[in-house]
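Written out below as structure tokens is the structure these notes cover.
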Amino acid sequence: MEWLVPVLIVVGVLVLIGIYLWSTYNSLVQLNVRVDEAWSDITVQLKRRADLIPNLIETVKGYAAHEKAVFESVTRARAETLSASGPADAGVAEGHLQQALRSLFAVAEAYPQLQASQNFLQLQQALVDTEDKVQASRRFYNGGVRELNTKIKVFPNNMFARNLGFTEREFFEVADAGAISEPPRVQF
């Protein structure tokens, strides 16, 4: 009967460790899925914006056909955004697209008839709305990444999280922060 108490203590400790590992694993899985979902939201918004850009270019082309370099720059930046495979690539592409859009809107400012065009105004509004959604999605993604990375790094999770296949994720940061420090100026 004396041996029963130590055995029960050991079994209790093992059960507690098992419950801890089980709950930690499940929370890491949930955080991982949340980060994947948030990245998916970002790609949806980037795709939506990329789909608006050709319409915007065509509208501006009607008024400023001689601004070929600006249109090519925007088209290249759009293609780069669509081909970005992860947060790091998307961050670089994001900076390039912001610079290109800023150039496009600078061209548009020189044409009062264009700024009065209902189609152009609607496209600008849709682009502004999409930019807001991209930023919200980015904040949600980065928040999920922060939670996941913190959960992986804290003790005692750091002793087994990587062995269970969980790795830290990249934040979605723009490589050239100066490129997006000021959003494209849209004037009505």
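Residue numbers count from 1 along this sequence.
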* Please report the C-alpha distance between Glu131 and Leu101 in whole Å, then the side-chain angles of each, then the deciding distance to 0.1 Å, and finally whether the side-chain contact (heavy atoms from CB on, under 4.5 Å) criterion is met. => CA-CA 12 Å; Glu131 290 296 329; Leu101 286 174; 4.2 Å; yes
[X] vs [Y] side-chain heavy atoms within contact, under 4.5 Å:
X: Leu148; Y: Asn32; result: yes
X: Pro87; Y: Glu173; result: no
X: Ile53; Y: Thr81; result: no
X: Leu123; Y: Gln118; result: no
X: Phe71; Y: Leu104; result: yes
X: Arg78; Y: Ile57; result: no
X: Leu52; Y: Leu56; result: no

Review point. Under 3.5 Å, side chain of Asn157 to main-chain N/O of Lys151, donor-acceptor pair present?
Key: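 Between the backbone of Lys151 and the side chain of Asn157 there is a qualifying donor-acceptor contact (under 3.5 Å).
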Any idea which heavy atoms bring [X] and [Y] closest together, and the distance?
X: Gln124; Y: Phe105; value: NE2-CE2, 3.3 Å
X: Ala108; Y: Phe120; value: CB-CZ, 3.5 Å
X: Pro6; Y: Trp3; value: CD-O, 3.3 Å
X: Ala161; Y: Leu28; value: CB-CD1, 4.0 Å
X: Ala100; Y: Ser73; value: CB-OG, 3.7 Å
X: Val134; Y: Glu94; value: CG1-OE2, 4.2 Å

Next on the checklist: Quick check for you: to the nearest 0.5 Å, what is the distance between Glu170 atom CD and Phe172 atom CZ?
Outcome noted: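 Here the interatomic distance stands at 11.0 Å.
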Here the gap from Thr167 atom OG1 to Asn149 atom CG, rounded to the nearest 0.5 Å, amounts to 8.5 Å
Name the atoms and distances for all side-chain donor-acceptor pairs under 3.5 Å in residues 34-41, with sequence neighbours left out.
residue, atom, partner, partner atom, Å
Arg34, NH1, Glu147, OE1, 3.2
Asp36, OD1, Arg169, NH1, 3.2
Asp36, OD1, Arg169, NH2, 2.6

Are [X] and [Y] joined in one hydrophobic group, where the rule is that I, L, V, M, F, W and Y side chains link up if heavy atoms are under 4.5 Å apart?
X: Val44; Y: Ile42; result: no
X: Tyr20; Y: Tyr25; result: yes
X: Val11; Y: Leu4; result: yes
X: Val29; Y: Val145; result: yes
X: Leu21; Y: Leu31; result: yes

Worked check of side-chain contact (heavy atoms from CB on, under 4.5 Å) between Arg146 and Asn142:
CA-CA 6 Å; Arg146 182 191 65 241; Asn142 283 341; over 6 Å; no
Tracing side-chain contacts under 4.5 Å among Ile, Leu, Val, Met, Phe, Trp and Tyr outward from Val10 reaches Leu14
### Message
Applying the side chain to side chain donor-acceptor pair (under 3.5 Å) criterion to Thr130, which one of Gln45, Arg48, Gln135, Gln125 satisfies it?
### Response
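Running side chain to side chain donor-acceptor pair (under 3.5 Å) over Gln45, Arg48, Gln135, Gln125 with Thr130 returns exactly one hit, Arg48.
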* Is any side-chain N of the basic residue among Glu168 and Arg162 closer than 4.0 Å to the acidic one's carboxylate O? -> yes
Next on the checklist: Using the side chain to side chain contact (heavy atoms under 4.5 Å, CB included) definition, which of the options Val92, Asp89, Thr75, Leu97 pairs with Glu80?
Outcome noted: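 By the side chain to side chain contact (heavy atoms under 4.5 Å, CB included) criterion, Glu80 pairs with just one of Val92, Asp89, Thr75, Leu97: Val92.
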Notebook entry, point to check: More than 12 non-hydrogen atoms from neighbouring residues, nucleotides or ligands closer than 6.0 Å to CZ on Phe140, yes or no?
Noted result: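 Result for CZ/Phe140: enclosed.
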| request: Under the side-chain contact (heavy atoms from CB on, under 4.5 Å) rule, collect the residues that match up with Lys47, sequence neighbours excluded. | output: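 For Lys47 the side-chain contact (heavy atoms from CB on, under 4.5 Å) partners, ignoring immediate neighbours, are Asp51, Leu82.
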